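As the structure is a computational prediction, the values presented were derived from the model and not from experiment. Below, each value reflects all heavy atoms present in this structure, side chains not excepted, and no hydrogens, waters or symmetry copies. Letters go in sequence order (proteins before strands), and every chain restarts at 1.
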Protein chains: 2
Amino acid sequence: MEIRTLRTFVTVARLKGFSAAARELNTVQPAISRQIHDLEAELGVSLFWRSTRDVRITTAGETLLQEAIEILAHEDRARKLVQRAGQGQIGRLRIGFLSSAAQGFLPAIVRSFSTDFPQVQVSLFEMTAAEQFTALETGQLDIALSRPLPAGAAEHFGSIEIYTDRLFVFLPEGHPLAAQARIAIAALAAHPFVLFQRPGAPGLFDQIITACRRAGFSPEIVAQPNSMQAVLTSVASGIGLSVAPGCIRQLDIKGCVIRPLQADAGSIPFELHHRTDRTEPSTQAFIDLMINSREDIRSRMGL
Amino acid sequence: MEIRTLRTFVTVARLKGFSAAARELNTVQPAISRQIHDLEAELGVSLFWRSTRDVRITTAGETLLQEAIEILAHEDRARKLVQRAGQGQIGRLRIGFLSSAAQGFLPAIVRSFSTDFPQVQVSLFEMTAAEQFTALETGQLDIALSRPLPAGAAEHFGSIEIYTDRLFVFLPEGHPLAAQARIAIAALAAHPFVLFQRPGAPGLFDQIITACRRAGFSPEIVAQPNSMQAVLTSVASGIGLSVAPGCIRQLDIKGCVIRPLQADAGSIPFELHHRTDRTEPSTQAFIDLMINSREDIRSRMGL
DNA sequence: CTTCAGTTATACGGATTTGGTATTACTTAA
DNA sequence: TTAAGTAATACCAAATCCGTATAACTGAAG
């Protein structure tokens, strides 16, 4: 009992004739004859009473007709469901993000995605860059929105640059350096630093330290909070100054003054990461949306 | 998307491997590979992520898996339903019967049939032989329990003899002829007859008239009631005597005396009739039951 | 680091199945 | 009686499918 056979059977029953069914199915009458004959043989049941003039369905045939119609409808439904799933219209999407870097644009992007793919279950996880990397590796995350991955570890992952941020100096109001419109790295040498703790964002931390070394000093780090908001609060409290990407301006910066760091103390790329070995269609759809939205995101981030 | 393909797909998903599925399905791995590959191509969707080490199902695959399991279950259910219908376990059975001739055994037979085929809707119609013949011809009846059909008309019908009755004389109590243990037809010559009206049972009527003619007289028919019970009541009322098959004893015969008619005034076969062009399985099952019950019926009818 | 066992994908030849043509037998309507 | 239309059957060709052989690859064991 194959779908094809059932479709033939239903057509014969509906048109009450083998020849008519053959015409509708773009084949010839003997082919229909044999399909029905074989189906009857397989089931051990006669489905039609035939004479050369008319074809009448039997009780067994009527029973099969009901079931066959349902099965065919089910097959059709399955095809559509699977194709929608294959296009990413059904599924789930687990996104890890750095709140400081993503909260400026992520809500708008997710809202837009959910409008186009209403049956995709989107979950957002705020995680540090390191946590995102681990989660992506173990399959607990489909998308990571974070900083560049450690060079060697990026083997099985695809990366797409969303925007490139620059470093800024965050100063407490009234700080002497606030008088300058741009601040050279060397000018920070004598001041205490407050930096986001290294384990959560090793790339950023090391990049800042490297820039300082290149400028001829090693910064005195007086605090390493575990959130960017805590870093800002520390700065506003006068504990020290901080160096951080411009996206941090999205947070609450009352009591802080921001000045660009002179020259290219280092670009801070913000990237989308995903596995390349198995990419869900819904994940791919989100990636496509992100790529198409890069210009919007950059202008929204003030770049 | 064929049933066969879906079965393969479900097996692969369940065993998480193409080779394992091939073993279970008694075929080889490349056959499985191609079936899955073609299915994916047809749906335009990838169903599995394969590596040489493991096979993982995709979201689209999981969607199809659910549907496929349901479709396969549906197919299985359909097969069983159709086969039950084909064996006559589902359907309807419309039986026409002569109350006088059938009421002695029909209830027991129908009860027995309904026990074996509980899902067959049995309908009983009390009809004269002529009515049964018409109803059988127009397809309003599946089984006719009645007298032999007109010779020419029995072309498209099958007939099975259930039992052969003999003619008896029904006399009012105290009738002079009641003194005899057996009555010769000729002895009835002078007496008024009450016979079942001809249109409803032409065969029986004509057979009695013919027997009288052969005995040298033409009976004086004083009444032709339209039911056998009315005939008996007429006899008991002294309106006349009657000649009728022995099965009439099953009715209420108070006030009547019964005597066998001498010699073979004619056998009165009681038969089952059915169409031969299209016989429902449930009809055939009933016919088989009747054939197997003939001995029981004969003894139950006192033959 | 190499080997080995086990996996899926691909290519190709043969067997099986299926469809198409021609024909037969039959029924109904003209 | 004829003509048109139906389903069944036989036979051949075409398409499909299976099975073997092989390649490419992965993970585990030595």
Exactly one of B/Q83, B/R84, B/Q119 clears side chain to side chain contact (heavy atoms under 4.5 Å, CB included) with B/Q89, and that residue is B/R84
Between A/M127 and the options A/L141, A/T134, A/L98, the side chain to side chain contact (heavy atoms under 4.5 Å, CB included) test singles out A/L141
Rounded interatomic separation in angstrom, taking [atom1] from [X] and [atom2] from [N]:
X: A/I32; N: D/dA7; atom1: CD1; atom2: P; answer: 10 Å
X: A/E2; N: C/dT17; atom1: CD; atom2: P; answer: 13 Å
X: B/R4; N: C/dT16; atom1: CZ; atom2: C1'; answer: 12 Å

Within residues 14-29 of chain B, the residues having a heavy atom closer than 4.0 Å to DNA chain D are B/T27, B/V28
Residues in residues 34-44 of chain A with a heavy atom under 4.0 Å of DNA chain D, by number, are none
Ring centres under 6.0 Å, that's the criterion: do B/F9 and B/F48 meet it? yes
Between A/S51 and A/A31, the residue closer to the 5' end of DNA chain C by nearest nucleotide is A/A31
At less than 4.0 Å, is any side-chain N or O atom of B/S33 found next to OP1 or OP2 of C/dT8? Yes or no. no
* Asked: Does a nitrogen or oxygen in the side chain of B/R50 sit under 4.0 Å from OP1 or OP2 of C/dG6?
  -> no
**Side chains of A/E131 and A/F125 in contact at under 4.5 Å (non-hydrogen atoms)** = no
So, B/S46 versus B/E40: side-chain donor-acceptor pair below 3.5 Å or not?
no
Using modelled atom types only, decide if a donor and an acceptor are shared between the side chain of [X] and the backbone of [Y] within a distance under 3.5 Å.
X: A/H273; Y: A/R147; value: yes
X: A/E67; Y: B/R77; value: no
X: B/E271; Y: B/I160; value: no

